[in-house]
Amino acid sequence: MSEYVPAAFAAQVVDFPAEGYVDGDTWIAGLPRLLRDLLAEWDLTVTGTARWGYTALVLPVSWPHGGGVLKVSFPSTESDTEHLALRLWDGRGAVRLLRADPHRQALLLEPLSGPDLGGVEIDEACAVVGDLFRLLAVRATPQFHRLSDRCAVLAEDLDAGRETVPRRFVEQARGLLRDLSQAPELDDLVIHTDLHYANVLAGTRLPWLAIDPKPLAGEQAYEIAPLLWNRPAELGTGTSVRGLLRRRLDIVCDRAGVDEQRARAWTIVRSVSYA
């Protein structure tokens with residue numbers, strides 16, 4: 001494997017099924033050449049060690065206009081419009097896109113070396129994300145996958161969960177999904193969908209910037225759930241969990257201007273679907 005592709009990342013991705021493109025084995029086999037080609041074509045020099053998430057590899061680089069980060073993602077419908085969202089946001093609340101090759105799902109991004117929100121007190125962290133939701137609230141263009149279409153996938157998940165999830169939860173989620181999907185403005189905004197604490201990094205242009213969107217044309221109430229799922233140890237146990245979840249919901253919805261009841265309903269739907 002290439003010096004730029006850590007063995008741990010390769011082992012993580014190699015068994016991924018194809019998601020409308022190639023499977024993980026095929027993609028990993030071609031990744032060293034892809035990186036070499038991008039480095040040469042974009043006149044990039046690697047300046048540090050690779051980092052990676054679940055589906056993407058990032059390399060710190062320099063180029064004729066300064067520093068940057070080269071990000072290459074496993075091809076999927078989740079990430080195939082990331083470049084479009086970053087272009088629309090244009091650095092307003094999100095990492096700035098410097099160059100993109102959508103066909104190869106490769107992005108050159110501004111460098112962000114600061115910490116994420118994981119170490120920030122939870123109330124303040126929720127407030128930061130709520131403020132980012134306001135900044136990222138832009139009208140969607142026709143190229144984005146739509147939340148209204150995602151609703152059909154969620155319904156299938158709920159049907160499949162009847163054998164493993166208590167029936168009352170499934171029926172509650174089905175009823176909520178049916179009502180939520182009737183909203184006339186369901187597909188109006190570009191939404192990040194995965195804006196949790198690790199996907200917000202300290203910046204220099206702005207104190208905090210969102211990274212790694214999985215964009216949809218949707219409504220912001222849909223994307224509150226990751227703030228409730230993450231940092232679970234801080235929710236405590238027993239009776240404290242409900243109150244602390246509600247506090248997170250209150251803070252982010254108030255700062256973002258999001259309808260709290262719709263955010264709560266979407267969180268239930270997404271949680272049961274995930275289960």
Connected via hydrophobic side-chain network under 4.5 Å: V269 and L249: no

Compute whether any side-chain donor of one residue and acceptor of the other, for D157 and Y274, lie under 3.5 angstrom apart. no

Would you confirm whether N230, through its side chain, and P226, through its main-chain N or O, come within 3.5 Å as a donor-acceptor pair? yes

In short, L206 meets G91 closest at the heavy-atom pair CD1-O, 4.1 Å

Return the CG to CZ distance between D187 and F144, rounded to the nearest 0.5 Å. 12.0 Å

Indicate whether any N or O donor in one side chain lies under 3.5 Å from an N or O acceptor in the other, for W229 and T267. no

Using 30° and 60° as the class limits, which term best fits the ring planes of W27 and F9: parallel, tilted or perpendicular? perpendicular

Is it true that a side-chain atom of R248 and a backbone atom of L227 form a donor plus acceptor pair closer than 3.5 Å? yes

Taking the side chain as C-beta and beyond, is there a heavy-atom pair between L57 and P6 under 4.5 Å? yes

Any side-chain heavy atom of V272 sitting closer than 4.5 Å to one from V165? yes

Quick check: is V95 connected to V190 through a chain of hydrophobic side chains (ILVMFWY, heavy atoms under 4.5 Å apart)? yes

So is R255 actually on top of F133's ring, under 6.0 Å and inside 45° of the axis? no

Backbone of A210 reached by a side-chain donor or acceptor of N199 within 3.5 Å: no

Main chain of I211, side chain of H192: is a donor-acceptor contact present, judged purely on distance under 3.5 Å? yes

Is the number of heavy atoms from other residues, nucleotides or ligands under 6.0 Å of R247 CZ greater than 12? no

Test Y197 against every option in V128, V120, I122 by the side chain to side chain contact (heavy atoms under 4.5 Å, CB included) rule and name the one that passes. I122

Considering non-hydrogen atoms only, spot the tightest contact between I28 and P32 and give its length. O-CD, 3.4 Å

Criterion side chain to side chain contact (heavy atoms under 4.5 Å, CB included) on L38 and R36, from CA distance to verdict: CA-CA 6 Å; L38 288 166; R36 289 195 302 270; over 6 Å; no

If the threshold is 4.0 Å, N to carboxylate O, is there a salt bridge linking K214 and D212? yes

Pairing donors with acceptors under 3.5 angstrom, does anything connect the side chains of Q105 and S79? yes

Electrostatic pair E41-R104, nearest N-O below 4.0 angstrom: yes

Is there a path of hydrophobic side-chain contacts, each under 4.5 Å between heavy atoms of I, L, V, M, F, W or Y residues, that connects L176 with F169? yes

Side chains of S76 and E78: is there a donor and an acceptor less than 3.5 Å apart? no

More than 12 heavy atoms of other groups within 6.0 Å of R264 CZ: no

Is any side-chain heavy atom of L109 closer than 4.5 Å to a side-chain heavy atom of R96? no

Exactly one of L31, L35, D37 clears side chain to side chain contact (heavy atoms under 4.5 Å, CB included) with R33, and that residue is D37

Is L177 reachable from L186 through a run of I, L, V, M, F, W or Y residues, each pair having side-chain heavy atoms under 4.5 Å apart? yes

Which heavy atom in L201 sits nearest to a heavy atom in G114, and how many Å separate them? CD2-O, 4.0 Å

Any donor and acceptor pair, going by atom type alone, linking the side chain of E260 with main-chain N or O of V252 inside 3.5 Å? no

Please step through side chain to side chain contact (heavy atoms under 4.5 Å, CB included) for the pair W208 and L117, ending with a clear verdict. CA-CA 9 Å; W208 298 100; L117 282 175; 3.7 Å; yes

Measuring only between side-chain heavy atoms, which start at C-beta, is R262 closer than 4.5 Å to E219? yes

L108 vs V61 side-chain heavy atoms within contact, under 4.5 Å: yes

Looking just at side-chain N and O atoms, do W266 and E223 make a donor-acceptor pair shorter than 3.5 Å? no

Strictly distance-based, threshold 3.5 Å: is any side-chain N or O of E121 a donor or acceptor partner for the main-chain N or O of E124? yes

Identify the heavy atoms of P60 and T49 that sit nearest to each other, and give their distance. CD-O, 3.3 Å

For the residue pair V69 and L112, establish whether any side-chain heavy-atom pair is separated by less than 4.5 Å. no

Heavy-atom nearest pair, L154 first then S273, reads CD2-OG, 3.4 Å

Taking the side chain as everything from C-beta on, heavy atoms only, tell me whether L209 gets closer than 4.5 Å to E110. yes

Between the side chains of D80 and T77, does any donor sit under 3.5 Å from an acceptor? no

Answer yes or no: is there a donor N or O on one side and an acceptor on the other, between the side chain of W89 and the main chain of L136, under 3.5 Å? yes

Please report the C-alpha distance between K71 and E82 in whole Å, then the side-chain angles of each, then the deciding distance to 0.1 Å, and finally whether the side chain to side chain contact (heavy atoms under 4.5 Å, CB included) criterion is met. CA-CA 11 Å; K71 177 182 179 183; E82 180 177 358; 2.8 Å; yes

Taking side chain as C-beta onward, heavy atoms only, is I224 less than 4.5 Å from L195? no

When you measure from the side chain of T193 to the backbone N and O of P215, does any donor-acceptor pair fall under 3.5 Å? no

Of all heavy-atom pairs linking A198 and D116, the shortest is CA-OD2, 3.6 Å

Assess whether a salt bridge exists between R168 and E171, defined as any Lys/Arg side-chain N lying under 4.0 Å from an Asp/Glu carboxylate O. no

Taking L88 as the starting point, is it possible to reach L107 by hopping between hydrophobic residues whose side chains are less than 4.5 Å apart? yes

Is a donor from one side chain sitting under 3.5 angstrom from an acceptor on the other, for Y222 and R150? yes

Could you walk me through whether E234 and L244 pass side chain to side chain contact (heavy atoms under 4.5 Å, CB included), step by step? CA-CA 8 Å; E234 296 170 60; L244 292 173; over 6 Å; no

